[in-house]
Amino acid sequence: MLEVDGVYHAYTTNSGGSNVQHQKSRDLKRWTPVPDAAPVLGDWVGPCSFRSGSPTDNCVWAPEVAAVDGGYARYYTARDRASGRQCIGVATSASPDGPFAPVGTDPLVCPTAEGGASYATASELLGPYTKSPVPLMTTELMDDQVAGPGEQDIVTAKDRSTKIVFHGWDPTYTYRAMYLRDLSWVDDRPYVEGAAVRYEAESGVVTDARVQQNPGASGDGASVAWTSRRAR
C-alpha cells in the first residue's frame, strides 16, 4: 500500500494474467482497477506452479512500492530461474501508476536456506531486530474467518488511525480478498483487530480468557490462552 497525493495505491500478488494487480482509492473503501503494474519482469524470473495441477505462472508475490530518488521502486518476489527459489527483484518507474521497468538482469537478493515467517521488532529502524516467538496473524488466530492471511502492509487512514492491509482466503476458499483492520498494541506487541493474542506457558494463572489444552505442546500438558486482553 502506498499513499501519494491523497490517493492510495494497492499492489498485490499476480492473478488473472496480471503480474502485479494494482488498484487505486481515495477513501480505502472504493477501489478502481488499473493496468498491470509489472507487464515486464526481470530476465531472472522463470515459470513456476504454486501447487500441483495449478496453472503455471511466475509466482509474482508480495510487491512493495516505495518512493525513492527520481521516482518509485517496486520490490517483488518471483521464481528465480536458476535456483528455483522465491527471490526478490526491483523495478522502477517515474510514477506510482507504472509501468515499472526491471533493474538489472539478476535478482536483488535470494535466500540461502528455507526460513519461517512470524514478525521482528527493533528500537531503531536499522536494527538490531528481535524476532517474535509467535506470528502476527494465522488462520487459527483469525478464528478461521480469514484463511492464509499475508502480504500485509501498514497505512495511516484519513482519521490518522493506523490500519493493517492484508489479503487472505474467505472461510470457504472461494475467493482471496483484501482486508483492512485496525492495528494497535498490547504492551510492545502489535495486535490486529479480530486476531487473538496467544500466550503460552508451562504453568500460570489466566484471567478473562478461554483456555484450551494443547496435546501437541511441550510435555503434552501446556495450555493456550486466547484473549484480546492481557493475561498473567
Side-chain angles (χ1 to χ4, degrees), residues 1-2 8-23 25 28-29 31 33 36-38 45 47-65 74-80 84-89 110-111 113-121 131-155 162-184 186 189-200 210 212 214 216-217 224 226-228:
M1 183 73 73
L2 177 72
Y8 294 96
H9 295 259
Y11 308 89
T12 192
T13 289
N14 66 282
S15 181
S18 292
N19 289 319
V20 173
Q21 298 178 80
H22 181 194
Q23 296 200 21
S25 173
L28 294 175
K29 296 178 181 179
W31 295 88
D36 187 351
V45 178
C48 76
S49 181
F50 176 59
R51 58 180 178 269
S52 178
S54 64
T56 298
D57 55 34
N58 301 113
C59 290
V60 184
W61 302 342
E64 178 76 19
V65 178
R74 188 200 71 240
Y75 303 91
Y76 63 99
T77 61
R79 189 56 50 91
D80 178 42
R85 295 182 181 275
Q86 286 296 105
C87 297
I88 299 175
C110 273
E114 298 295 336
S118 299
Y119 66 91
T121 58
K131 187 175 180 179
S132 170
V134 295
L136 179 63
M137 295 184 292
T138 65
T139 302
E140 187 180 22
L141 290 176
M142 299 301 288
D143 199 24
D144 295 321
Q145 295 304 301
V146 180
E151 198 173 330
Q152 64 285 338
D153 208 346
I154 310 300
V155 64
T162 303
K163 308 288 186 182
I164 186 168
V165 184
F166 59 97
H167 69 186
W169 290 102
D170 72 303
T172 64
Y173 286 89
T174 303
Y175 60 86
R176 193 164 178 82
M178 184 172 74
Y179 296 84
L180 181 73
R181 298 288 178 87
D182 288 329
L183 181 70
S184 57
V186 176
R189 292 173 53 187
Y191 169 66
V192 179
E193 175 195 12
V197 178
R198 185 175 71 179
Y199 300 86
E200 297 189 30
R210 174 165 56 90
Q212 297 177 331
N214 185 358
V224 180
W226 303 87
T227 179
S228 59

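Keep in mind that the numbers below use all heavy atoms, side chains included, and drop hydrogens, waters and symmetry copies. Here, residue 1 is the first one in the sequence, and each next residue gets the next number.
- Rounding to the nearest 0.5 Å gives a distance of 12.0 Å between CH2 of Trp61 and OG1 of Thr12.
- Annotation: the span from Met1 atom CE to Leu180 atom CG amounts to 7.0 Å, rounded to 0.5 Å.
- The two residues Val20 and Pro63 come nearest to each other via the heavy atoms CG1-CG, 3.8 Å.
- Every residue was checked against the side chain to side chain donor-acceptor pair (under 3.5 Å) condition with Thr162, not counting sequence neighbours, and none meets it.
- Ala147 approaches Asp170 most closely through the heavy-atom pair CB-O, 4.4 Å.
- Cys87 and Asp80 make their closest contact through SG-CB, 3.5 Å (heavy atoms, listed as atom of the first residue, atom of the second, distance).
- A 4.5 Å side-chain heavy-atom check between Asn58 and Tyr76 finds every atom pair outside the cut-off.
- The shortest non-hydrogen separation linking Asp182 to Ile164 is O-CG2, 4.4 Å.
- For Asn14, the side chain to side chain donor-acceptor pair (under 3.5 Å) criterion is met by Asp57, not counting sequence neighbours.
- Under the side chain to side chain donor-acceptor pair (under 3.5 Å) criterion, Arg176 pairs with His167, not counting sequence neighbours.
- Looking at heavy atoms from C-beta onward, Ser15 lies in side-chain contact with Gln21 at the 4.5 angstrom threshold.
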Inset, instruction - Go through the steps for Val60 and Thr77 under the test side chain to side chain contact (heavy atoms under 4.5 Å, CB included), then give the verdict. - result: CA-CA 6 Å; Val60 184; Thr77 61; over 6 Å; no
Legend entry - side chain to side chain contact (heavy atoms under 4.5 Å, CB included) between Met137 and Arg181, worked out: CA-CA 12 Å; Met137 295 184 292; Arg181 298 288 178 87; over 6 Å; no
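- Closest heavy-atom contact between Pro33 and Gln23: CA-CG, 3.7 Å.
- Judged as a ring pair (Phe, Tyr, Trp, His ring centres under 6.0 Å), and not counting sequence neighbours, the contacts of Phe166 are Tyr179.
- Considering only residues two or more places apart in sequence or on other chains, His9 meets the ring pair (Phe, Tyr, Trp, His ring centres under 6.0 Å) condition with His22.
- Gln86 is linked by a side chain to side chain donor-acceptor pair (under 3.5 Å) to Arg79, counting only residues two or more places apart in sequence or in another chain.
- Considering every non-hydrogen atom in both Tyr8 and Trp31, the closest pair reads O-CZ3, 3.8 Å.
- Under the 4.5 Å side-chain criterion, counting only non-hydrogen atoms from C-beta, Tyr119 is in contact with Arg189.
- Distance check: Lys163 NZ to Glu193 CD gives 7.5 Å after rounding to the nearest 0.5 Å.
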